[in-house]
Amino acid sequence: MNKYRSHNCNELRKKDVGSRVLLSGWINKKRDHGNLLFIDLRDHYGITQFIIDKDNKNFSRLEKIQLETVIKIDGEVLERSKDTINKEIETGEIEVSIENFEILGNCKELPLPVFSDQEYAEEIRLKYRFLDLRRKKIHENIILRSNVISFIRSEMNKLGFLEFQTPILTASSPEGARDFLVPSRLSPGKFYALPQAPQQFKQLIMVSGFDRYFQIAPCFRDEDARADRSPGEFYQLDLEMSFVEQEDVFEIVEKLLVNTFTKFSKKKLMFKTFPKIPYKDALLKYGSDKPDLRNPLIIKDITEIFSREDVKFEIFKKLVKSGSKVRCIVTKDTKDKPRSFFDNIDKWTKEQGGSGLAYFTIEKDKDIVAKGPIGKFFSKNSIEDIMKKTEAKIGDSIFLACAEQKELERITGLVRDKIAQDLDLIDEKVFAFCWVVDYPMFEKDDKTKKIEFSHNPFSMPQGKIDKINFDKPLEILAFQYDIVCNGVELSSGAIRNHIPELMYKLFSIVGYDKKQVNDKFSGMINALSYGAPPHGGIAPGIDRIVMLLAEEKNIREVTMFPMNQNAQDLMMNAPSQVSEDQLKELNLILKSKK
RNA sequence: GGGGGUGUAGCUCAGUUGGUUAGAGCGAUCGCCUGUCACGCGAUAGGUCGAGGGUUCGAGUCCCUUCACUCCCGCCA
């Protein structure tokens, strides 16, 4: 028998009654009756109740022992009487009498209770993460994460993918996020960068002739955190395939995600085949490039109504004349909602920086009329036209916003979410996946007015190469796609551009000459000129997948040792100062702080 | 870098229009209790009200500054 235990804390059952056992674990809870003491012992597997009375020589010592002390106990398994069975735990039909015990690990007074469902300040949870991780929900989240990752690995293997590691110390790349830099000792004044993703490596793996690659890849980006974005580091299921078109990637990923989400969640999938929404449509219909398809509301453009003579809503008409657009959201059967419902949404919109929402409700007295503050500006004819365009019925309400296109998309997207929340239209019991496709290759930076890559500069532009109109770069679409679930962006991917000449051409549009491209992407551009296969891939975010499966709203709930919002590890005290010697060796001199 | 929220006992929180000695639950300590499983009962200790400044006869409460945490914007090819 092992020195510490014959059984774990979730093993003993009725059939074990009468046997002598040895268990080790943490003291989860004590219930002290003065002459009789119950102890719940907890380990990774579960909880077993122990019992001791004052006749035992160990009684008084155990009475005083701190919660969360690690002890080993030996004793005899007893059957519980019918009225004392605890159905909440799997070992609830038995208990173990304590004969001897030994303290294996003492515990100081706890900074946070382990056995509690209460929520605690993040700061203290992160500082004492090892205690926090003992708690049930997060302990289970981490187990889920492990199971999801191992399931994905085995699925990927079955699908013919090989797992490879790529370097953690690599070169800084000019595009994208801010890099984490690592000074080089052997090359004074030079730096490695931690990879933002194994982007170039995975393409090089394809050029090397490995047909299908994947990796649970750590990615490092020095950008500010969000609830669904860890500062510093996160994990992607990075995958890449040779001789594929967009549809081939979709097929693999859909299969994988459907299997994973079916296995690890009770929620239903809204679509087994994920709808494909062109980027442009997504912005029009949902006001977002990561639409939440659980939300049934759809945004409609009704700009042209506002150039009619019989519409007198001058504020919007004036704006439309100067290039703004009008878009609206129809809510079903809301004519009896109180005025406050409408006004709250308008008020909220203004808080979000919008210029506010107009609204009216379509009703029928003798004739069809628009009721509400701006109803009087619309003729019967124009209302009927709006109804036709928006599929609105009598009794429905229409919320209208007017702004320049980009701002309008932002506002209508926000309002769409807000209204759906207020009307409780979102089914929390489903996962709604979709693809967002046909991303533009380039976009114009609002401030600098310069043309930039809108996503991945290595993506393949759509259309036959000799037919692409490089004079109108903003019209070029890319084989670039995102996968979105319940409004969360899970990943983006692309069919890659494996043709060096085309790469130089595209980079020239954003102002890189051939030499610069050669310098910045030397590894890859060189490789592409030695027989590169057409290839493409994608990289779903592991943390976000687990977050959705665990039904958590914050990525730290599925991360074992996360950093706080300022990218500090409160447990390990990272980042920290280093010694003068270390700096010297790395040829670094610190500027004194002001 | 900007905006919102929070900060009161080890933990979770209450604290009225500014007014006596700042409270509760859990935890800790001590006592009582032989069938609990959020055991119960009683007592005790525990507070720079995040920090600094101001207004006031008087500030946990009002004002200013600042710090920490968090959510969002920017940023994240």
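All chains are named by letter (A, B, ...) in the order of the sequence lines, taking the proteins before the strands, and each is independently numbered beginning at 1.
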query: Taking N and O atoms by type only, does the side chain of A/D224 place a donor or acceptor under 3.5 Å from a partner on the base of B/G74?
result: yes
query: On a whole-Å scale, what distance lies between the P atoms belonging to B/G1 and B/U12?
result: 28 Å
query: Sub-3.5 Å donor-acceptor pair from the side chain of A/S116 to the main-chain atoms of A/P113, do we have one?
result: no
- request: Would you mind classifying the nucleic acid contact of A/N554 as base, sugar-phosphate or nothing, using non-hydrogen atoms under 4.0 angstrom?
  value: sugar-phosphate
- request: Determine which nucleotide pairs with B/U17, using a 3.5 Å limit on both distances of a Watson-Crick or G-U wobble pair.
  value: none
query: What nucleic acid atoms does A/Q565 come within less than 4.0 Å of, heavy atoms only: base, sugar-phosphate, or nothing?
result: base
- prompt: With rounding to whole Å, what would you report as the distance between B/C75 and B/A38 at their C1' atoms?
  reply: 45 Å
message: At 4.0 Å (heavy atoms only), tell me whether A/S454 reaches a base, stays on the sugar-phosphate, or touches nothing.
response: sugar-phosphate
task: Over 60° means perpendicular and under 30° means parallel, so classify the ring planes of A/F250 and A/Y481, tilted if in between.
output: perpendicular
field: A/Y504 six-ring face occupied by A/K514 cation (under 6.0 Å, within 45°)
entry: yes
statement: Pairing partner of B/U36, by Watson-Crick or G-U wobble and under 3.5 Å for both distances, is none
field: P gap between B/G27 and B/G42, integer Å
entry: 14 Å
query: Say you pick atom P in B/C13 and the same atom in B/U21; how far apart are they, in whole Å?
result: 28 Å
message: Under 3.5 Å for both donor-acceptor distances, Watson-Crick or wobble: does B/C76 have a partner, and if so which one?
response: none
task: Could you measure between the two P atoms, the one in B/A14 and the one in B/C72, and give it in whole Å?
output: 23 Å
- line: Checking A/F458, A/Y512, A/F453 against A/L506 for side chain to side chain contact (heavy atoms under 4.5 Å, CB included), the one that qualifies is A/F453
- line: When both distances are under 3.5 Å in a Watson-Crick or G-U wobble arrangement, the nucleotide paired with B/U56 is none
field: Partner nucleotide, any strand, of B/A24 [Watson-Crick/G-U, under 3.5 Å]
entry: B/U12
field: Assigned partner base of B/U6, Watson-Crick or wobble definition, under 3.5 Å
entry: B/A68
task: Assign A/Y120 to base, sugar-phosphate, or nothing according to its heavy-atom contacts below 4.0 angstrom with the strands shown.
output: sugar-phosphate
query: Is any side-chain N or O of A/R410 under 3.5 Å from a base N or O of B/C73, one able to act as donor and the other as acceptor?
result: no
message: Taking only the C1' atom of each, what is the distance from B/G54 to B/U61 in whole angstrom?
response: 15 Å
task: Side chain of A/R226 only, please: which of B/C75, B/U34, B/A38 is the nearest?
output: B/C75
- request: Counting heavy atoms from C-beta on, name the nucleotide in B/C11, B/G35, B/U70 closest to the side chain of A/F38.
  value: B/G35
message: For B/C41, give the paired nucleotide (Watson-Crick: N1-N3 plus N6-O4 or O6-N4; G-U: N1-O2 and O6-N3; both under 3.5 Å), or none.
response: B/G31
Minimum-distance nucleotide (side-chain atoms of A/A121 versus B/G35, B/U12, B/C75): B/U12
message: Would you say CD of A/E245 has more than 12 non-hydrogen atoms from neighbouring residues, nucleotides or ligands within 6.0 angstrom?
response: no
message: For A/K30, is the NZ atom crowded, meaning more than 12 foreign heavy atoms sit under 6.0 Å from it?
response: yes
query: Contact class for A/D222 (heavy atom, under 4.0 Å): base, sugar-phosphate, or nothing?
result: nothing
Separation of the P atoms in B/C69 and B/U20, to the nearest angstrom: 35 Å
task: With heavy atoms under 4.0 Å as the rule, sort A/Q49 into base, sugar-phosphate or nothing.
output: base
message: Can you check the distance between B/G7 and B/C76, where both ends of the measurement are the P atom (answer in whole Å)?
response: 34 Å
